[in-house]
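Here's the structure we're looking at; comments come further down.
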Amino acid sequence: MFDKLFTYHSPHPEWQVYIIMGVGIFLVLLAVWFMYRNPRRWWLRLPLYLLAILSLVIIGLAPETSQSLGTKKAILATAGTSPLLLDSLQKTLQEEALIYTLTDSSVNETHITIPNLAHLASLRQDIDTLWIMGNGLTNDELPYLQHFNTQLVLNAPPTGIQQINWTRHLQEGETLVVEGRFLNQEKEAITLQLEGLGETLESLSIAPNKSQTFRFKTPIKVAGNYLFSLSYSLEEGNIQKEQIPFIVYPLKKDKQILILLNQPSFETRFLKKHLAEKGYPVAIQSQISKEQFHSEYLNLQQSGKFLLNAESIAPFNLIILDYLRAQQLNQQDLSILKNHINETGAAVLTLVDEQALAKEGNPSWLVRFPNQKSFRSNGQEALLQIPATKYPIELPVYQIAAGFNVTPISTTQKGQAIVAMRQYGLGKYAVSFLGNSYLWKLKGYNEDYALFWDTVLEALESHYSNTSQWHIQEPFPLAQRAIHFKVQNEALKMPELWLFDGTQTSKTLPLAQSVDQKSWTGKTWLEKVGWHQLQHNNGSYPFYVYPTDAWSNYYTQQKIAHTIQAQQALKQKNTSNPSLQIPTYTRPISLFFWYILFVFTLFLLWIIAKFQSFDVSSRRIN
């Protein structure tokens, strides 16, 4: 309440403020009562009493005041700042501005070196405008921009790769896809090349002063650890190379797939042909009537009718069903599938028929995903982001909403999940709402069809372990920098984790359990450049460590872009909320004057009391 009534506010709790103000009011009433009992010179004593009480109340409250930032200007010289441009800015400001730098390499001795922007925010509260120069700030420093009014004098983004993505884990015979965006700031065209296996595999010419997307593809037929590169030459003759590491796993010939169908469809016909061409052993059981089934075998030396029981499905580590067959499974068959998935780490994929799903009131356990109708018109087409298909496909009516333990496998560019999976024991079960992928085949888009299904099959078959999922936070782990990793593990017991650096030595890494108790996190610093491997008793994860100066132009572009975006977002926020336009801070008022006033009023009251006593004594003598 005190804060609302006055422009000053007290740092004390509200109940203490009420007590102090109550004591002040009581003292005022007591002073008035004294004046009533002894009215001599009340016109002089009462103001002194009120001043003394006011001084005492203010000293007790110790109020603070909100003040706007001052008018001082400062310059923050980040990495890449030009000394000539810095001198020019100083002259333009026409006043002495403090210059801070985030690095130890100051241009001259007048600069003040600070460890980070948080230090500057706490050090200088009276900076009105902060001019940021150079290559901008890191993501960790951007939140501190809210403490300043900022002006940007950043460098132009350097020539190089702006965005990059590639498939880091492949199987034999799959296609490596490297795609992204390249910015050419040079005066001449630049040739971007994908190099590997001792030769140039693909190339693309990028016009000067232009940002252009690129997409390179090359099939990889032999398993192993590969190190390709994207290279380009600048005007001064410097050849830049950015490394593209990826791993090719041998195709598991022993992988067997079981397909259970209510009735064949275009989707399942093209799918089983694709699986057969890939060399997968496939068994198909189609339901003819309620009790009759048709059996078919591809790449399998087997004959006769297939019977659905625990013994017959044991060799299969992937089971594919259409929606109606999943709905018609009895409790015994459903129990057999659940035990097989939970105990052996197998996966099951249900191909959902949208029309049948709309009619069913209670979907089978194999289809119980959080789903919702997407808000779109029928027949709308879109590109898939995972995998990165080149040609659009008609979207299904349903999409899979985010939920606990739901991992998207295939999403559109707008983030709509149309294929997703869940962990179930040691295995996984998944659903797909995309029932028309065969249209890619009919239109001749064979690569997109193969890429889509290979991505789905790869997600359902873990290369590392059935119980663990790995993730490294940094897109490009650098030597001599912190590398953060996470291992997904359902076990409550801490897994033992070792790091191998390509030699015979290894070290154990400490881990911290997450809040949900389903993953473990840690970090490490590595000196050696090259392939490394995280490993525990249930699986392993190989990854590549880059040189410290790798992807420098990429990181510079990211810093410049993120700094500009953060400032624009802050300006929009200040525009929508005018109270944020002028940063303020609280400062306690000086109590020295009030102490002096309190002592002085007490001294005057004492003088008046002495004078009155002397006056009364004189009258008595007379």
Worksheet item: For Ile400 and Val431, what are the C-alpha separation, side-chain angles and deciding distance, and is it a side chain to side chain contact (heavy atoms under 4.5 Å, CB included)?
Response: CA-CA 9 Å; Ile400 302 170; Val431 298; 3.5 Å; yes
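- At least one side-chain heavy atom of Ile472 sits less than 4.5 Å from a side-chain heavy atom of Pro477.
- Taking OG1 of Thr150 as the reference point, atom CG of Leu570 lies at 6.5 Å (rounded to 0.5 Å).
- Side chain of Asn553 to main chain of Pro158: no donor-acceptor pair is present (N/O by atom type, distance under 3.5 Å, no hydrogens or angles).
- Thr101 contributes a side-chain N or O that, together with a main-chain N or O of Ala77, makes up a donor-acceptor pair within less than 3.5 Å.
- For Thr412, the side-chain hydrogen bond (donor to acceptor under 3.5 Å, both in side chains) partners two or more places apart in sequence, or in a different chain, are Gln416.
- Distance CG/Leu176 to CG/Leu201: 8.5 Å, rounded to 0.5 Å.
- Here the CD atom belonging to Gln146 is positioned 9.5 Å from the OH atom belonging to Tyr144, to the nearest 0.5 angstrom.
- Within the 4.5 Å cutoff, no side-chain heavy atoms of Arg181 are placed close to those of Ile161.
- Checking side-chain atoms of Glu267 against main-chain N and O of Tyr438 turns up a donor-acceptor pair under 3.5 Å.
- The ring-ring contact (aromatic ring centres under 6.0 Å, His included) check on Phe452 picks up Trp440, with sequence neighbours excluded.
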Fill in: Working for side chain to side chain contact (heavy atoms under 4.5 Å, CB included), residues Leu85 and Val153
CA-CA 9 Å; Leu85 189 60; Val153 188; 4.0 Å; yes
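- Pairs of residues two or more places apart, or lying in two chains, that qualify as side-chain hydrogen bond (donor to acceptor under 3.5 Å, both in side chains) and include a residue from residues 446-456 are Lys217-Glu447, His274-Asp454, Lys278-Asp454, Ser437-Trp453.
- Here the CD1-CG distance, from Ile320 to Leu349, works out to 5.5 Å after rounding to the nearest 0.5 Å.
- Formation of a donor-acceptor pair under 3.5 Å by the Thr389 side chain with backbone atoms of Leu384 is found in this model.
- Under the 30°/60° scheme for interplanar angles, the aromatic rings of Phe476 and Tyr546 are found to stand perpendicular.
- When the side-chain hydrogen bond (donor to acceptor under 3.5 Å, both in side chains) test is applied to Gln243, the partners found at least two apart in sequence or on another chain are Tyr544.
- Of the inter-residue distances, the one linking Leu76 atom CG with Leu137 atom CG reads 6.0 Å to the nearest 0.5 angstrom.
- Counting heavy atoms from C-beta on, the side chains of His562 and Asn139 come closer than 4.5 Å.
- Contact annotation: the side chain of Ile393 approaches that of Leu439 to within less than 4.5 Å [non-hydrogen atoms, C-beta and beyond].
- Glu474 and His484 get closest at one heavy-atom pair: OE2-ND1, 2.8 Å.
- Listed by chain and residue number, Phe216 satisfy the ring-ring contact (aromatic ring centres under 6.0 Å, His included) test with Phe214 (two or more places apart in sequence, or in another chain).
- Not counting sequence neighbours, the partners of Gln162 by the side-chain hydrogen bond (donor to acceptor under 3.5 Å, both in side chains) test are Ser211.
- Ser229 places none of its side-chain heavy atoms less than 4.5 Å from the side chain of Ile244.
- By the salt bridge (Lys or Arg N to Asp or Glu O under 4.0 Å) test, Arg215 pairs with Glu179, sequence neighbours left out.
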Worksheet item: So Leu230 and Val178, side chain to side chain contact (heavy atoms under 4.5 Å, CB included) or not? Walk me through it.
Response: CA-CA 9 Å; Leu230 287 173; Val178 182; 4.1 Å; yes
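- For the atom pair OG (Ser233) and CD1 (Ile190), the distance works out to 7.5 Å, reported to the nearest 0.5 Å.
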Item to complete: Take Leu275 and Leu457 through the test side chain to side chain contact (heavy atoms under 4.5 Å, CB included) and record every step on the way to the result.
Response: CA-CA 10 Å; Leu275 297 176; Leu457 295 177; 3.5 Å; yes
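- Val177 has its side chain out of reach of Trp166: every pair of non-hydrogen atoms, C-beta onward, lies at least 4.5 Å apart.
- Other residues, nucleotides and ligands place more than 12 heavy atoms under 6.0 Å from the NZ atom of Lys441.
- Sorted by first and then second residue, the pairs that involve residues 194-209 and meet salt bridge (Lys or Arg N to Asp or Glu O under 4.0 Å), not counting sequence neighbours, are Glu195-Lys241.
- His169 and Glu458 share no side-chain donor-acceptor pair at under 3.5 Å.
- The minimum heavy-atom distance linking Pro547 with Leu478 is given by the pair O-CD2, 3.4 Å.
- Judged by distance alone, with hydrogens and angles left aside, the side-chain atoms of Gln185 form a donor-acceptor pair with the main-chain N or O of Pro157 at under 3.5 Å.
- In terms of heavy-atom proximity, Gly80 sits nearest to Asn135 at CA-ND2, 3.8 Å.
- Of all heavy-atom pairs spanning Ile409 and Ile386, the tightest one is O-CG2, 3.0 Å.
- Every residue two or more places apart in sequence or in another chain that forms a ring-ring contact (aromatic ring centres under 6.0 Å, His included) with Phe182 is listed here: Tyr232.
- Nearest approach of Leu460 to Ala347, heavy atoms of both residues: O-CB, 3.6 Å.
- With Glu188 contributing its side chain and Pro208 its backbone, the two residues share no donor-acceptor pair below 3.5 Å.
- In this view, Thr548 and Ala479, Gln480, Arg481 satisfy the side chain to side chain contact (heavy atoms under 4.5 Å, CB included) rule, not counting sequence neighbours.
- Minimum interatomic distance between Thr521 and Lys486 (heavy atoms only, all atoms of both residues): CG2-CG, 3.8 Å.
- Applying the side chain to side chain contact (heavy atoms under 4.5 Å, CB included) test to Leu197 and every residue at least two apart in sequence or in another chain returns Tyr226, Phe228.
- Formation of a donor-acceptor pair under 3.5 Å by the Asn184 side chain with backbone atoms of Lys210 is not found in this model.
- Remark: side-chain polar atoms of Thr78 are paired, donor with acceptor, to backbone N or O of Met133 under 3.5 angstrom.
- Checked by atom type and distance alone, the side chain of Thr556 pairs as donor or acceptor with a backbone atom of Ser552 at under 3.5 Å.
- The shortest side-chain heavy-atom distance between Lys559 and Leu154 does not fall under the 4.5 Å cut-off.
- Contact check for Leu130 versus Asn149: no side-chain heavy atoms found under the 4.5 Å cut-off.
- Legend: residues meeting side-chain hydrogen bond (donor to acceptor under 3.5 Å, both in side chains) with Glu141, ordered by chain and number and at least two apart, are Thr138.
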